[in-house]
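Beneath this line is the structure, given in structure tokens, with notes to follow.
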Amino acid sequence: MIVTLLLGVMTMEGKPQYRTKVWTENGITYYQPQRRINILSGWEDYRHPFQYKSLSQIIIEEWKREYDIKHNPKSYQYEKI
């Protein structure tokens, strides 16, 4: 039973937290950054899609940075000027 519980925890933490949804409409490819809200409710979309994958990746990197600041505040040092 404990092994089953541990395997369930490992698979939940192993799921991706961020992804890019891709689709083509009228010959234009769109990239929609998404992040996982929680395991049950699914994914949250960014406000609007982009035509360039690099812009979608920038949003995902910003979300990762925000998550790190929120959950690991000790790893960031701030200087007062």
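These values consider heavy atoms only, across backbone and side chains, with no hydrogens, waters or symmetry-generated copies. Computed from a prediction, not measured in an experiment: that's the story for all the values here.
- Side-chain N/O atoms of Asp45 and Gln34 include a donor and acceptor closer than 3.5 Å.
- If you chain together ILVMFWY residues whose side-chain heavy atoms come under 4.5 Å of each other, Ile37 ends up in a group of its own.
- Other members of the hydrophobic cluster containing Trp23, listed by chain and number, are Ile28, Tyr30; membership follows side-chain contacts under 4.5 Å among ILVMFWY residues, whether direct or relayed.
- Sorted by first then second residue, the salt bridge (Lys or Arg N to Asp or Glu O under 4.0 Å) pairs that include residues 18-35, not counting sequence neighbours, are Arg35-Glu44.
- Ile58 and Ile69 end up in different hydrophobic clusters when Ile, Leu, Val, Met, Phe, Trp and Tyr side chains are linked at under 4.5 Å.
- Val22 and Phe50 fall into different hydrophobic clusters, defined by Ile, Leu, Val, Met, Phe, Trp and Tyr side-chain heavy atoms under 4.5 Å apart, directly or through other members.
- Between the CD1 atom in Ile59 and the OG1 atom in Thr20 there is a gap of 10.5 Å [rounded to 0.5 Å].
- Applying the salt bridge (Lys or Arg N to Asp or Glu O under 4.0 Å) test to every pair with at least one member in residues 48-61, sequence neighbours left out, gives these pairs: Glu61-Lys64.
- Scanning for side chain to side chain contact (heavy atoms under 4.5 Å, CB included) contacts around Arg36 gives Lys15, Gln17, Ile39, Trp43, with sequence neighbours left out.
- Taking Tyr31 as the reference, nothing meets the ring pair (Phe, Tyr, Trp, His ring centres under 6.0 Å) condition, with sequence neighbours excluded.
- Ile60 places none of its side-chain heavy atoms less than 4.5 Å from the side chain of Tyr46.
- Remark: Gln57 pairs with no residue by the side chain to side chain donor-acceptor pair (under 3.5 Å) rule, at least two apart or across chains.
- With sequence neighbours excluded, no residue forms a ring pair (Phe, Tyr, Trp, His ring centres under 6.0 Å) with Tyr18.
- Although no hydrogens or angles enter the test, the distance criterion places no donor-acceptor pair under 3.5 Å between the side chain of Gln51 and the main chain of Thr29.
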